[in-house]
Amino acid sequence: MGPLIVAVVVSLIAIGAYVMLIGGNGHSDTAPTSGTATSRPGGSLTPTTSNPDAAAGQALIDGAYRCYQADSADLKPLTAVADKLVVPMGRGVYIWNAQQGTYTITRNSLSTDTQIFADVQFTGGPLKDVKALFFDRVRQGDAGKDVGALTFEDGTNRWCAIN
């Protein structure tokens, strides 16, 4: 079990580094959000902070995620995919390719104050019965927003990143 945990942590750190390198350039998708808005260099308006429940491991980061298909289990991105994951501010609701669903989330023991690891179970909607591992780097993204990724555990080598 130890080597598996180390592999997951290394993979998630690699995803986080990749997300920080590519940033949000070229992606103008926005999610239903509320709160104070600030202008990004690309001109789009985004809330100045992420859902505080995400920083506590009680919700996914709100916003529009970019999704990728990896070429193997090491999660090195092969190509962006057309799938759209949007998470509104709040807890337990997601939208996958314009269809709404529900999820539960449980913060796991790998978490620290600034790096949250959580197990996600999609309980309704188009991803029903799919499990995922969620990684959140608290307030490390643009405008003080959380930056994170969701790695699906369904054998598809698919993952989605935000901020």
TODO: Just do the side chain to side chain contact (heavy atoms under 4.5 Å, CB included) check on Y94 and L127 with the steps written out, would you?
DONE: CA-CA 10 Å; Y94 72 94; L127 295 174; 3.4 Å; yes
Open item on the list: Quick check: do V120 and L133 have side-chain heavy atoms less than 4.5 Å from each other?
Closed with: no
Open item on the list: With heavy-atom distances below 4.5 Å as the criterion, would you say the side chains of Q115 and F135 are in contact?
Closed with: yes
Task: Gap between atom NZ of K84 and atom SG of C67 - 0.5 Å precision - done: 8.5 Å
Task: Distance-only side-chain donor-acceptor flag, Q58 / R107, under 3.5 Å - done: no
Task: From CZ (R66) to CH2 (W159), nearest 0.5 Å - done: 8.5 Å
- [ ] Over all heavy atoms of both residues, which pair between G90 and A59 is shortest? Give the atoms and the distance, please.
- [x] O-CB, 3.4 Å
Task: Linked, directly or transitively: I61 and V130 (ILVMFWY side chains, under 4.5 Å) - done: yes
- [ ] Can you spot which of Y65, W96, F134 makes a ring-ring contact (aromatic ring centres under 6.0 Å, His included) with F152?
- [x] W96
Task: Interatomic distance, R158 atom CZ to E153 atom CD [nearest 0.5 angstrom] - done: 12.0 Å
Task: Nearest heavy-atom neighbours spanning V86 and P88 - done: O-CD, 3.8 Å
TODO: Determine, using the 4.5 Å side-chain heavy-atom cutoff (strictly less than), whether V138 and L60 are members of one ILVMFWY cluster.
DONE: no
Task: Inter-residue atom distance R137.CZ - T114.OG1, 0.5 Å rounding - done: 8.0 Å
Open item on the list: Within this structure, what is the CE-CG distance for the pair M89 and D53, rounded to the nearest 0.5 Å?
Closed with: 9.0 Å
Task: Distance-minimising heavy-atom pair for C160 and L85 - done: CB-CD2, 4.3 Å
TODO: Give a yes or no answer on whether the side chain of D146 reaches the backbone of R139 with a donor-acceptor pair at less than 3.5 Å.
DONE: yes
- [ ] Looking only at non-hydrogen atoms, find the nearest pair between D83 and N97 and report the distance.
- [x] OD1-ND2, 3.0 Å
Task: Separation between CG of D62 and NZ of K145, rounded to the nearest 0.5 Å - done: 5.5 Å
- [ ] Indicate whether any N or O donor in one side chain lies under 3.5 Å from an N or O acceptor in the other, for T102 and T123.
- [x] yes
- [ ] Please name the pair of heavy atoms, one in Q100 and one in P126, separated by the smallest distance, quoted to 0.1 Å.
- [x] O-CD, 3.8 Å
